[in-house]
Amino acid sequence: MRRVSIFGATGSIGQNTIDLIAREPDAYDVVALTGSSNIKQLAQDAIRLRADVAVTADEARLDDLRAALSGSDVEAAAGQAALTEAGCRPSDWVMSAIVGAAGLAPGLCALEQGATLALANKESLVCAGQLILSTAKAHDARLLPVDSEHSAVFQALVGEDMSAVERIIITASGGAFRDWPLDKLAKATLAEASSHPNWDMGQRITIDSASMFNKALELIETREYFGVRGDQIEVLVHPESMIHAMVGFNDGALMAHVGPPDMRHAIGYALNWPDRQPLPVERLDLAQIGSLTFRAPDEVRWPALRLAREVMERGGLSGAVFNAAKETALDGFIAGNINFPAMAEVVDEVLNCTDPGHIDAPMTLDNVLTADQMARQAARDVIEQRAG
Ligand code: NDP
């Protein structure tokens, strides 16, 4: 039996992962499931999957978790130290699906144990790409992409030599505001930004899709994961979300990965890798779909893409600053403290005012977390100044 752990088990990716694992209960020995606020779901899944331990990131909810697990053999734990401890429990395969920079430390622990890390948490690579890659290498651990675009690129590269790769194209649906008049964006509501035309995802990534901060993170993730230059990566708006990515080779060939907008494909590929196994996803009928459309992204509508390119150029810990400022700006939008276009303005301002000393510090976990905290404070200050 394969020992598996799921970090962020109560979220959208976590629940899709559980859906696949629960179909083959005899194939998996579940070690740890983690969540944060959704104690009912966490306990229910931990009992159903007979996990060794269920961990909530929120220490204040430990008693609730204990109560929900009472009568079962599942151990209850809470807090950051417990999350890290769960990451250190031996597992063969770990799903990293906590949202935000909070996913970094548990993922590093799993890599240190030599586990295969299925990485949905793109923020880990954005904040600390070199640290993640060097930790995986040092512990002979494997990193598998779960983001649909990166899984698509990974699949298009099977049997290929990276030296023949000229470019990588990642697609973007354009999110909720793809066709909105630009002057209406300042009036966009939280409900409007939280509704995705094609994908059913967590609220934060859905809003990040509308602002293209999600694609901005993925640009950086692509560079880190596949080791290509920023100018080799293109973003293409593709409203139907059928082609997830394409790889362009030096003979002019473009290998495109086509699949339904269902994360269980990419999760299942990472779960079954290096084999393929049947998955319960829709089989596309291209004759029925008829046509697929593409257009270049508009960087006035989506300034996040320009900011990501600046971050790739700058390097060092600027990814951690970018992500933390973005997460704080997103909190600000969700709380109603800033409007939709202001998210990019806040991130731009934080990147411009960051002390170069923070960005050029060596990439250790401590320095990444310091840069993260500093950028969050700077973003809160910018948001407060704008309000005042
Ligand atoms: P969700 O918001 O649906 O789920 C997030 C998970 O993280 C939940 O289990 C949540 O617990 C937990 N969590 C929240 N805050 C913390 C914290 N501070 N510490 C520890 N755990 C926490 O997110 P998604 O599943 O949509 O996304 C997860 C990751 O996968 C993100 O990095 C996202 O960018 C990436 N991703 C998601 C895709 C998707 O289709 N959803 C596609 C590709 C990548 P609780 O719910 O109990 O509060």
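Residue indices begin at 1 and follow the sequence shown. All figures in this text were calculated on a predicted structure; none of them were measured in a lab.
- Within the 4.5 Å cutoff, side-chain heavy atoms of Ile21 are placed close to those of Ile6.
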With a 3.5 Å cut-off and sequence neighbours excluded, list the donor-acceptor pairs that the side chains of residues 100-109 form with protein atoms.
none

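- Interatomic distance, Tyr28 OH to Met1 CE, rounded to the nearest 0.5 Å: 10.5 Å.
- Side-chain contacts under 4.5 Å among hydrophobic residues (ILVMFWY), followed directly or transitively, place Ile243 together with Ile169, Leu236, Met242, Met246, Leu254, Val258, Leu284, Leu286, Ile289, Leu292, Phe294.
- Counting heavy-atom neighbours within 6.0 Å of Arg50 CZ, excluding the residue itself, gives a total of 12 or less.
- Distance alone, capped at 3.5 Å, is enough to place a donor-acceptor pair between the Asn352 side chain and the Asp348 backbone.
- Residues Arg204 and Ile334 meet the side-chain proximity criterion, which asks for heavy atoms closer than 4.5 Å.
- Using a 4.5 Å cut-off on side-chain heavy atoms (C-beta onward), Met374 and Val321 make contact.
- Proximity of Asp275 to Gln277: side-chain heavy atoms (C-beta onward) are separated by under 4.5 Å at one or more points.
- Here the straight-line distance linking atom CG of Asp355 with atom CG of Asp360 works out to 9.0 Å at 0.5 Å rounding.
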Using residues 227-234 as the side-chain source, report each donor-acceptor pair under 3.5 Å to any protein atom, sequence neighbours left out, with the distance given to one decimal.
{"unit_1": "Arg229", "atom_1": "NE", "unit_2": "Asp231", "atom_2": "OD1", "d": "2.9"}
{"unit_1": "Arg229", "atom_1": "NH2", "unit_2": "Asp231", "atom_2": "OD1", "d": "3.2"}
{"unit_1": "Gln232", "atom_1": "OE1", "unit_2": "Arg229", "atom_2": "N", "d": "2.8"}
{"unit_1": "Gln232", "atom_1": "NE2", "unit_2": "Glu166", "atom_2": "O", "d": "3.2"}
{"unit_1": "Glu234", "atom_1": "OE1", "unit_2": "Arg167", "atom_2": "NH1", "d": "3.2"}
{"unit_1": "Glu234", "atom_1": "OE2", "unit_2": "Arg167", "atom_2": "NH1", "d": "3.3"}

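- Both Leu219 and Val165 belong to a common hydrophobic cluster when Ile, Leu, Val, Met, Phe, Trp and Tyr are linked at side-chain heavy-atom distances under 4.5 angstrom.
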Return a table of donor-acceptor pairs under 3.5 angstrom between the side chains of residues 75-84 and protein atoms on other chains or two or more places apart.
{"unit_1": "Glu75", "atom_1": "OE1", "unit_2": "Arg89", "atom_2": "NH2", "d": "3.4"}
{"unit_1": "Glu75", "atom_1": "OE2", "unit_2": "Arg89", "atom_2": "NH2", "d": "3.0"}
{"unit_1": "Thr84", "atom_1": "OG1", "unit_2": "Gln80", "atom_2": "O", "d": "3.0"}

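- Judged as a ring pair (Phe, Tyr, Trp, His ring centres under 6.0 Å), the pairs with a partner in residues 167-188 (not counting sequence neighbours) are, in order, Phe177-Trp180, Phe177-Phe340.
- For Asp298, the CG atom sits in a packed shell: over 12 heavy atoms of surrounding residues, nucleotides or ligands are nearer than 6.0 Å.
- Between the OG1 atom in Thr135 and the CG atom in Leu111 there is a gap of 6.5 Å [rounded to 0.5 Å].
- Residues Pro356 and Arg314 form a side-chain contact, since some pair of their non-hydrogen atoms from C-beta on lies under 4.5 Å apart.
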Run the numbers on His244 and Trp199 for ring-ring contact (aromatic ring centres under 6.0 Å, His included), then give the verdict. CA-CA 12 Å; His244 305 304; Trp199 295 90; 5.7 Å; yes
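- The line from NE2 of His139 to OG of Ser134 is 8.5 Å long, rounded to the nearest 0.5 Å.
- Nearest heavy-atom pair across Gln203 and Ser194 is NE2-OG, 3.3 Å.
- Screening residues 119-145 for salt bridge (charged side-chain N to carboxylate O under 4.0 Å, His left out), with sequence neighbours left out, gives Lys122-Asp147, Lys122-Glu218.
- Glu192 places a side-chain N or O within 3.5 Å of a backbone atom of Thr189 that can act as its donor or acceptor partner.
- Contact annotation: the side chain of Leu119 never approaches that of His150 to less than 4.5 Å [non-hydrogen atoms, C-beta and beyond].
- The shortest non-hydrogen separation linking Ala97 to Ile13 is CB-CG2, 3.5 Å.
- Each side chain to side chain donor-acceptor pair (under 3.5 Å) pair with one or both residues in residues 92-108, not counting sequence neighbours, appears once here: Arg3-Asp92.
- Expressed to the nearest 0.5 Å, how far CZ of Phe333 lies from NZ of Lys326 amounts to 13.0 Å.
- Using a 4.5 Å heavy-atom threshold, the side chains of Met95 and Val4 count as separate.
- Screening residues 278-294 for side chain to side chain donor-acceptor pair (under 3.5 Å), with sequence neighbours left out, gives Glu240-Thr293.
- Between Asp331 and Arg380, no side-chain nitrogen of the basic residue sits less than 4.0 Å from a carboxylate oxygen of the acidic one, so the salt-bridge criterion is not met.
- Note: Phe249 CZ to Ser163 OG = 10.0 Å, rounded to the nearest 0.5 Å.
- Between the side chain of Arg223 and the backbone N or O of Met312 there is at least one donor-acceptor pair closer than 3.5 Å.
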Show the atom names and distances, to 0.1 Å, of all donor-acceptor pairs under 3.5 Å that link a side chain in residues 29-38 to residues at least two apart or in another chain.
{"unit_1": "Thr34", "atom_1": "OG1", "unit_2": "Gly8", "atom_2": "N", "d": "3.0"}
{"unit_1": "Asn38", "atom_1": "OD1", "unit_2": "Gln41", "atom_2": "N", "d": "3.2"}

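- Not one N or O on the side chain of Ser151 forms a donor-acceptor pair closer than 3.5 Å with the backbone of Ser148.
- For the pair Tyr225 (side chain) and Leu143 (backbone), a donor-acceptor distance under 3.5 Å is present.
- Taking the side chain as every heavy atom from C-beta outward, Ile205 and Val99 never approach each other to under 4.5 Å.
- Every side-chain contact (heavy atoms from CB on, under 4.5 Å) that Arg295 has, sequence neighbours left out, goes to Arg178, Asp179, Val237, Pro239.
- Between Asp63 and Arg66 a salt bridge is recorded (basic side-chain N to carboxylate O distance below 4.0 Å).
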Please tabulate, for the side chains in residues 381-388, all donor-acceptor contacts under 3.5 angstrom to protein atoms that are two or more places apart in sequence or on a different chain.
{"unit_1": "Asp381", "atom_1": "OD1", "unit_2": "Gln377", "atom_2": "NE2", "d": "3.0"}
{"unit_1": "Arg386", "atom_1": "NH1", "unit_2": "Glu345", "atom_2": "OE1", "d": "3.3"}
{"unit_1": "Arg386", "atom_1": "NH2", "unit_2": "Glu345", "atom_2": "OE1", "d": "2.5"}

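- Nearest approach of Thr171 to Glu149, heavy atoms of both residues: O-OE2, 3.7 Å.
- Residues that satisfy the side chain to side chain donor-acceptor pair (under 3.5 Å) test with Thr364, not counting sequence neighbours, are Asn367.
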